[in-house]
Structures are given as C-alpha cells and as structure tokens.
**Q** 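Right, I'll just put the structure down here and ask away after.
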Amino acid sequence: MGEGIGDYTKNIVDLRRHMWGAGVEVELRRLIWQIAVVGKYISAKIHEANRKQAGFKNIYGEEQLSLDRGADDILKNQLQFSGFVRQYASEEQDDIIKIGSGSEKYIVTADPLDGSSLVDTNLAIGTIIGIHKESVFDTGKKTMAAALYITYGPLITMVYSAGCGAHEFVLNREGEYVLAQENIRLKEKGSIFSPGGLRRDWVPQHLKFIENLEKEGYKLRYSGGFVPDINQVLIKKGGLFTYPALQKSPNGKLRLLFELQPMAFIMEQAGGRATDGRKDIMTIKVEKLDQCSPIYIGSSTEVQMAEQFLS
Ligand code: F6P
C-alpha cells in the first residue's frame, strides 16, 4: 500500500486522526472534515475555470463571477445535508440562509472564494470559514467554536483551529489532508509586513506606522489575496497584515464576520493578535452581515506598535 488513504503503518497523521487526537468534539470534527472535503471540489472548479479561461482573457469577468457563485453553491449544498449546520451566512448571499432541520448545532459563515479576482494571475486564493455555536450577531469571542481557511496555491493547504491551537495540513496526491505543522506558534516579533489599500488613501497615523515599519527594516510582502497574505504571516511565524481605515472608508474594506473574525480566531490560537487599532477584533459585536473593520493582525510586537501609533 502506498503513502495514502488509510495507510497508518507509516507515520501519517491525517485531519480526522488529528482532530480525534486533539479531542475536538465529534460533531465539530465531522463538520470540519466535510468542509475540508468541499475545498477539494472548489479547487477542481478553479482548475476548470482556469483551463476554460486560458487564451480567452476577455471572458474572464463572467468566469470570475460564476466561480464565486459556484464555490458558494458547492458549500451551501454540502452543508445543507451535513447534519450539523442550521444556518449558513456567506459573502455571496444577502441574508443568512436556514438550512438543515433547524435543530443542528452550528452556524457556518463563509467567504467561499476570497481573492477570486487573482485567479487569472495564477496567484493563490482561498476559502475562509467560521463555525459558530450562537447567533453571529454577537462577538466572535462568545460564539465562535472553530475557524479554518484553505489556500489554493501550488499546493492546497488547510489551517484549522477548534480552540486548541492552530494546525496546518497539506492535501496530498491521494486526496488526503496530511498534518504539516501542529500547534503553529508565532514569534513575538516578525520581519515582514503586508499592507492593503492605496498609500495615498491611508490616514496619517497609519502612514506613520507603516513608515516606522519600513524604517525598522520590515520587508514588504503583499500579494493582494487576504488568505495567502495571512497564511504567509502564520507560516513564517511572524509579521503583520493590515487593511486599514481609509480616508473615505473609515471601516476599511475587509468584512468582520466572513474574513476578519475567523482569521483573528486562528491567529490568536497561534499566539498572535488581531485588533482594529484599538479593540480586539474578536470582541467587536457584529451588527450587520457586511460590516467592515480595519485590521492589524499578526505577531504581538507589530500589533502593539500599530496600537501605539493609532491611539
Ligand atoms: O476581500 C477581497 C480582497 O481581494 C482580499 O483578499 C484582499 O486582501 C483585498 O481584497 C485586497 O484589496 P485591495 O486590492 O484593495 O488591496
């Protein structure tokens, strides 16, 4: 038997085995597993769209839209029959959708395909998921049971946290998520920064903060995809991602519920921090589905430095 499904004679820890060993509650680990499987279907869809698009750049806008919707449909349809999800909230939907019988344990939030405008550039993109026990219209601290993201890059990787550390898995050729790093821990201080938004639109305090990072020799590492940019900070074990308040949009661009809180949950589990410059991202109450917030997320030294410049 080769290195692959069911071959536990070798020292392979797959996602199910890891969650079982980590003591993740049975329904939660089945749900996380199902969502990870959906990631494979979404990646097949991206691949198909890329093949179709090759040589026909002008149809790309349409392809991108259908890709976003397709990823959302795949997730929604799978979760509907998961047996664990009573509500589904997605960046692609205007309202929260009731699915399942209504008595299921969890509510899932999804950014099914974040950064899809990058598909034609062949840069990495991703899926971001939050799993909540209670209404999403509260603070992430109170309601979030788990979060995960999938990065579709040269490799497909998945990072999850169910409240006991953050762990990375790589999808192998046999279609199995294999443990790559357990209990990822950020250093106190990193050496890279990833700043979103146009420099000319930044508010003066933010500009000063970034100039300070540059002066201290931090390296600029920005792809324009939230998932790979966050993944970079996590996997390099330090640094900072920010999408700040802009002159004309004081709440920035990124969405609290679908993007920021799931990533903040994971980052905190890895020993990092996430704030809007003043408040912990996980303590901000979600008032509406498309609520945005500025974000400073990464290792504690850089987040604290941001707070000092912004306060
Ligand atoms: O929310 C979508 C998104 O593409 C993120 O993945 C990314 O961080 C951000 O927007 C990039 O925005 P901008 O192109 O304005 O820097």
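Since the model is a prediction, treat every value here as computed from it, not as a measurement. As a basis for the values below, the full set of heavy atoms in this structure was taken, side chains included, without hydrogen atoms, waters or symmetry mates. Counting convention: from 1, in listed order, for ligands and their atoms alike.
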**Q** Counting from 1, what ligand 1 atoms have a heavy atom of G225 closer than 4.0 Å?
**A** 6 (O)
**Q** Please report whether the ring centroid of F309 lies less than 6.0 Å from that of H206.
**A** no
**Q** Give me the nearest non-hydrogen protein atom to atom 4 (O) of ligand 1 as residue plus atom name, then the distance to 0.1 Å.
**A** G224 O, 3.7 Å
**Q** Can you report which non-hydrogen protein atom sits closest to atom 16 (O) of ligand 1, along with the distance?
**A** Y222 OH, 2.7 Å
**Q** Looking at ligand 1, is there an atom of it that comes within less than 4.0 Å of some heavy atom belonging to E259?
**A** yes
**Q** Counting each atom of ligand 1 from 1 as listed, which ones have a heavy atom of G197 under 4.0 Å away?
**A**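 Selected atoms, number and element: 16 (O).
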**Q** Restricting to non-hydrogen atoms, name the atom on A162 and the atom on A146 that form the minimum distance, rounded to 0.1 Å.
**A** CA-CB, 3.9 Å
**Q** Can you find an N/O atom of F226 closer than 3.5 Å to an N/O atom of ligand 1?
**A**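 Between F226 and ligand 1, an N or O pair is found under 3.5 Å apart.
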**Q** Taking NZ, NE, NH1 and NH2 as the nitrogens, is one of them in K133 or E25 under 4.0 Å from a carboxylate oxygen of the other?
**A** no
**Q** Measuring only between side-chain heavy atoms, which start at C-beta, is W202 closer than 4.5 Å to L246?
**A**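 Yes, at least one pair of side-chain atoms sits under 4.5 Å.
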**Q** With heavy-atom distances below 4.5 Å as the criterion, would you say the side chains of K237 and R185 are in contact?
**A**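 Heavy-atom side-chain distance check fails, nothing below 4.5 Å.
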**Q** Which residue holds the protein heavy atom closest to atom 3 (C) of ligand 1, what is that atom called, and what is the gap in Å?
**A**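 Here the closest protein heavy atom is K253 NZ, 4.1 Å.
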